[in-house]
Amino acid sequence: MTPSPFLIQLALLFLPGVIWTHMDIRFGRKPNLSQVEFLFRSLLFGLASYLVVYLVYQVLGFEFVLVDLDNVEKQFVLNRAIAIQIAVATVAGGVLGILWLYVVNYKLITRLLHKIGATHTYGDEDVWDYAFNSKSAESEYVHVRDFGNKIVYAGWVRAFSESVKLRELLMYNVQVFDFDGALLFEIPRVYIARGPEIMHVEFPATSREVENGK
């Protein structure tokens, strides 16, 4: 079935918000949004993209053309000027989406609320995300203690992920010790995956030790 002109125009108008929302789901939030939440975020992010374009147009002295939504279903209302605005808004949505990822992944809003004492919670994400998205260098050097094998992986976190069943870490410059502190071996990189109930991560380094390369 061929899409109607109404749906085509609506999809084009929503394009900036849809791109931003996909970036938010793929690289920022957990991919568990309902269809209603997805549409709401697409609308909200799309409006933010068009608002930025409108403000830029005002500063540059360009005319911002409003879409005649009353006639979208009856006729094709997208002209050249509106098509250019959609293209510009799509680029703006991509840039804003990247900036938004910094806000989400580095918990900037949460950190601001912590600074002013408004809250001590971490938001919707758990402490795992909060710890490894931290900008502090001492959060990058960790000890992963394996109680089953009685060994400790000591190294720097290159990447991390979380799923329902696993906590995953990719570490580099790794030293492996036994529980008595004896060095067993060294390895450039190691991948560790454990269930959330048995993953035990320690952050032994202080800011001064990290700065001194210890």
Side-chain angles (χ1 to χ4, degrees), residues 2-126 128-137 139 159-162:
T2 304
S4 67
F6 169 73
L7 293 177
I8 294 175
Q9 294 181 95
L10 201 61
L12 289 173
L13 289 171
F14 270 96
L15 185 59
V18 170
I19 291 176
W20 186 343
T21 304
H22 272 295
M23 293 176 64
D24 186 30
I25 294 174
R26 176 64 180 83
F27 300 107
R29 300 174 181 275
K30 297 179 177 63
N32 58 354
L33 294 182
S34 67
Q35 187 174 8
V36 174
E37 289 174 323
F38 181 88
L39 292 175
F40 176 77
R41 289 188 182 278
S42 297
L43 176 61
L44 184 63
F45 291 155
L47 290 175
S49 301
Y50 283 112
L51 176 61
V52 169
V53 173
Y54 171 79
L55 294 175
V56 171
Y57 271 38
Q58 293 299 305
V59 171
L60 298 178
F62 296 157
E63 180 184 3
F64 187 88
V65 182
L66 296 177
V67 178
D68 187 2
L69 297 177
D70 292 335
N71 293 320
V72 168
E73 192 170 1
K74 301 175 184 178
Q75 61 185 14
F76 202 81
V77 298
L78 300 185
N79 52 35
R80 183 175 182 274
I82 294 177
I84 292 175
Q85 287 179 183
I86 294 175
V88 175
T90 301
V91 174
V95 174
L96 292 171
I98 294 173
L99 296 177
W100 176 250
L101 289 177
Y102 278 100
V103 173
V104 172
N105 290 330
Y106 289 104
K107 309 295 185 294
L108 298 184
I109 296 177
T110 302
R111 295 178 191 281
L112 174 61
L113 294 176
H114 284 182
K115 286 284 188 182
I116 63 177
T119 183
H120 296 290
T121 64
Y122 299 108
D124 295 334
E125 286 73 27
D126 59 20
W128 174 269
D129 288 328
Y130 182 82
F132 289 108
N133 275 314
S134 172
K135 298 179 69 175
S136 60
S139 295
F160 72 95
S161 68
E162 174 191 6

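Here the structure is a predicted model, which means the values were calculated and not measured. Index from 1, following the sequence.
Within a 6.0 Å sphere centred on OH of Tyr54, other residues, nucleotides and ligands contribute 12 heavy atoms or fewer. Residue-environment remark: CZ (Phe64) exceeds the threshold of 12 foreign heavy atoms within 6.0 Å.
If you run ring-ring contact (aromatic ring centres under 6.0 Å, His included) between Trp20 and each of Phe14, Phe38, Phe45, Phe27, only Phe45 comes through.
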**Item:** Steps toward side chain to side chain contact (heavy atoms under 4.5 Å, CB included) verdict (Leu51, Leu47)
**Value:** CA-CA 6 Å; Leu51 176 61; Leu47 290 175; over 6 Å; no
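Here His22 contributes atom NE2 and Arg41 contributes atom CZ; the two are 13.5 Å apart, rounded to the nearest 0.5 Å. To the nearest 0.5 Å, atoms CZ (Arg26) and OG1 (Thr21) are separated by 15.5 Å.
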Distance-only donor-acceptor hits, side chain of residues 80-99, under 3.5 Å, sequence neighbours excluded:
| residue | atom | partner | partner atom | Å |
| --- | --- | --- | --- | --- |
| Gln85 | OE1 | Val65 | N | 2.5 |
| Gln85 | NE2 | Val65 | O | 2.9 |
| Thr90 | OG1 | Ile86 | O | 2.7 |

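Considering all non-hydrogen atoms of both residues, Leu13 and Tyr50 come closest at O-OH, 3.0 Å.
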